[in-house]
Amino acid sequence: MASIFDSIRRAGFRRGPQRILGGICGGIAAKTHINVWLVRLVTLLLFALPVVGWGLYAVVWVLTPNHRGSIPLERWLGRG
């Protein structure tokens, strides 16, 4: 039985190698072929809305695998 974490990995999105903080912007840029600095600028603008910016970033970071496929939430739950 495939877990939700396996489904997340199959989506092909990874936290990017061009990381400053959590790698989310680098991953979005790599997946969408958009300049990483443009993605970072949009993210900074979203951070002006505290719940939306910071909250969304935290949720995406917790659910997104890194380049090795490790998902933070899965590790915290003791499944990874």
Side-chain angles (χ1 to χ4, degrees):
M1 182 171 137
S3 74
I4 190 160
F5 299 112
D6 293 332
S7 299
I8 292 170
R9 281 188 192 87
R10 280 194 303 274
F13 180 79
R14 299 280 189 266
R15 285 184 273 136
Q18 296 180 340
R19 62 186 293 168
I20 290 179
L21 186 60
I24 300 301
C25 294
I28 292 170
K31 186 73 174 174
T32 61
H33 305 289
I34 297 174
N35 184 296
V36 70
W37 287 103
L38 180 60
V39 175
R40 287 178 179 145
L41 176 64
V42 170
T43 302
L44 285 174
L45 293 174
L46 283 175
F47 281 173
L49 306 168
V51 175
V52 176
W54 291 101
L56 184 61
Y57 192 90
V59 167
V60 171
W61 183 82
V62 167
L63 292 174
T64 305
N66 64 16
H67 61 282
R68 291 174 292 209
S70 175
I71 300 173
L73 182 61
E74 184 180 33
R75 283 194 326 264
W76 297 338
L77 294 174
R79 298 179 183 171

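The first residue in the sequence is number 1, and the count goes up from there. The analysis underlying the following values was restricted to heavy atoms, covering all of them including side chains, and did not include hydrogens, waters or symmetry mates. Just so we're clear, the structure is a prediction, and the values are computed from it rather than from any experiment.
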Item checked: Joint hydrophobic cluster, L45 plus I34, side-chain heavy atoms closer than 4.5 Å -> no
Note to self: For residues L41 and W54: do they belong to one hydrophobic cluster (side chain heavy atoms under 4.5 Å, members Ile, Leu, Val, Met, Phe, Trp, Tyr)?
What the structure shows: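 In one cluster: no.
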Check: From D6 CG over to E74 CD, what is the distance, rounded to the nearest 0.5 angstrom?
Finding: 7.0 Å
Next item on the list: Give, for atom CG of L73 and atom CD1 of I8, the distance between the pair rounded to the nearest 0.5 Å.
Entry: 8.0 Å
Checklist line | Shortest non-hydrogen contact from P72 toward W61 | finding: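 Closest approach of P72 to W61: CG-O, 3.6 Å.
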Next item on the list: Determine the minimum heavy-atom distance between F5 and I71, stating which atoms define it.
Entry: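 Residues F5 and I71, closest heavy atoms: O-CD1, 3.7 Å.
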Notebook entry, point to check: Are side-chain heavy atoms of I28 and C25 found at a separation under 4.5 Å?
Noted result: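 No, too far: nothing below the 4.5 Å cut-off.
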Next item on the list: Using a 4.5 Å cut-off on heavy atoms from C-beta on, say whether the side chain of Y57 contacts that of L46.
Entry: no
Notebook entry, point to check: So R9 and R14, side-chain contact (heavy atoms from CB on, under 4.5 Å) or not? Walk me through it.
Noted result: CA-CA 8 Å; R9 281 188 192 87; R14 299 280 189 266; 4.3 Å; yes
Notebook entry, point to check: Hey, which of L56, T43, T64, V39 is the one that makes side chain to side chain contact (heavy atoms under 4.5 Å, CB included) with I24?
Noted result: T64
